[in-house]
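Just so you know, these numbers use all the heavy atoms, side chains as well, and skip hydrogens, waters and symmetry mates. Indexing begins at 1, ligand by ligand and atom by atom, following the structure's order. This one's a predicted model, so the numbers in the text were calculated from it and none came from an experiment.
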Amino acid sequence: MNVETNIKDVLIRIKAAAERTDREASNIQLVVVSKNVSLEKIEEAYKAGQKNFGENRVQEWMQKHSLLPGNCEWHIIGRLQTNKIKYLNERVTLIHSLDRFSLLEKLNSEGEKNQIIWPTLVQVNVARDQAKAGLEIEEVKDFLLSAKDFPYVRVSGLMTIGALKAEPEETRGYFRKLRELRDNLLRQGVGNEEELKHLSMGMSQDYELAVEEGATIVRIGSKIFG
Ligand SMILES: *Cc1c(COP(=O)(O)O)cnc(C)c1O
């Protein structure tokens, strides 16, 4: 199977999952995760109509993005070290992994220096995973409230990885938790529709479940690149 065929298949499955839950497929964005993938393969995905790519290492992103068409959109999806922020620029469309206060502060100061407002998602550890990627559910409200004091960081939703090893129904529960968290925050007025617009959840193994549970962005690598 080649990249183009794989992308078509993923898009069909996203559409079907959306239809099962009365959602519009056009409201679900595919981020093609291109970490560890060659330029050649990324170009195949681009030629197949994809423009949104996800990278988890800043160094790798730096090497790649300048060699690919200028209208590609880049998503930073992995844990972001504060000493790497200085390498980011306006080519970054969305940082999915805002997961701690120190990162919020540093993004804000670098953003002020370069006059860039960073679009971000707050990463949540819904599965309470040992690996501890993201904020705990209980921490999200205060974090979002304090983020309002940092004008160079703009939050537009939540992200989760779910659990790395889980059965499908367990995974569905984690995605549902993220959606319920978002709905509660909206109800409490912690954020508005723009600030809580996105739910970035679902990877190769579980994106259809994620779409059924309300994902607006899915991040897919291995299903596309093998
Ligand atoms: C690698 C990665 C993905 C894509 O995972 P696949 O299983 O290859 O689809 C999505 N999100 C994050 C944060 C990742 O690191």
Among all protein heavy atoms, pick out the one at the shortest distance from atom 11 (N) of ligand 1; state its residue, atom name and that distance to 0.1 Å.
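So the nearest neighbour among protein heavy atoms is Arg219 NE, 2.9 Å.
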Among all the protein's non-hydrogen atoms, which is closest to atom 13 (C) of ligand 1, and how far away is it?
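Its nearest protein heavy-atom neighbour is Ile77 O, 3.5 Å.
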Hey, does the Lys NZ or Arg CZ of Lys51 hover above the aromatic six-ring of Tyr46, less than 6.0 Å from the centre and inside 45° of the axis?
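Yes, cation above the ring, under 6.0 Å and within 45°.
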Quick one: does ligand 1 sit under 4.0 Å from the side chain of Val33, the backbone, both or neither, non-hydrogen atoms only?
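Looking at Val33 and ligand 1, just side chain atoms fall under 4.0 Å.
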Please classify the Lys223 to ligand 1 contact at 4.0 Å (heavy-atom distances, strictly less than): side chain, backbone, both or neither.
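Looking at Lys223 and ligand 1, no heavy atom falls under 4.0 Å.
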Geometric N/O contact Lys35 with ligand 1, under 3.5 angstrom
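N/O-N/O distance below 3.5 Å exists for this pair.
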May I ask you to list the atoms of ligand 1 that are less than 4.0 angstrom from any heavy atom of [X]?
X	answer
Ser204	6 (P), 7 (O), 8 (O), 9 (O)
Gly221	4 (C), 6 (P), 8 (O), 9 (O)
Ser222	6 (P), 7 (O), 8 (O), 9 (O)
Ile220	9 (O)

Any heavy-atom pair between the side chains of Val37 and Val32 that's under 4.5 Å?
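Side chain of Val32 against side chain of Val37, heavy atoms only: no contact under 4.5 Å found.
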Could you check whether any side-chain N or O of [X] sits under 3.5 Å from a backbone N or O of [Y], counting only pairs where one atom can act as donor and the other as acceptor?
X	Y	answer
Arg179	Gly214	no
Asp206	Leu209	no
Ser97	Gly78	yes

Does Tyr152 sit in a hydrophobic cluster with other residues, and if so which ones, taking ILVMFWY side chains as linked at heavy-atom separations under 4.5 Å, directly or through other members?
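In the cluster with Tyr152 are Ile117.
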Residue of the set Glu19, Glu208, Glu212 for which salt bridge (Lys or Arg N to Asp or Glu O under 4.0 Å) holds with Arg13:
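Single salt bridge (Lys or Arg N to Asp or Glu O under 4.0 Å) partner of Arg13 among Glu19, Glu208, Glu212: Glu208.
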Should one rank Arg79, His75, Met203 by closest heavy-atom distance to atom 3 (C) of ligand 1, which comes out on top?
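Looking at heavy atoms only, the winner is Met203.
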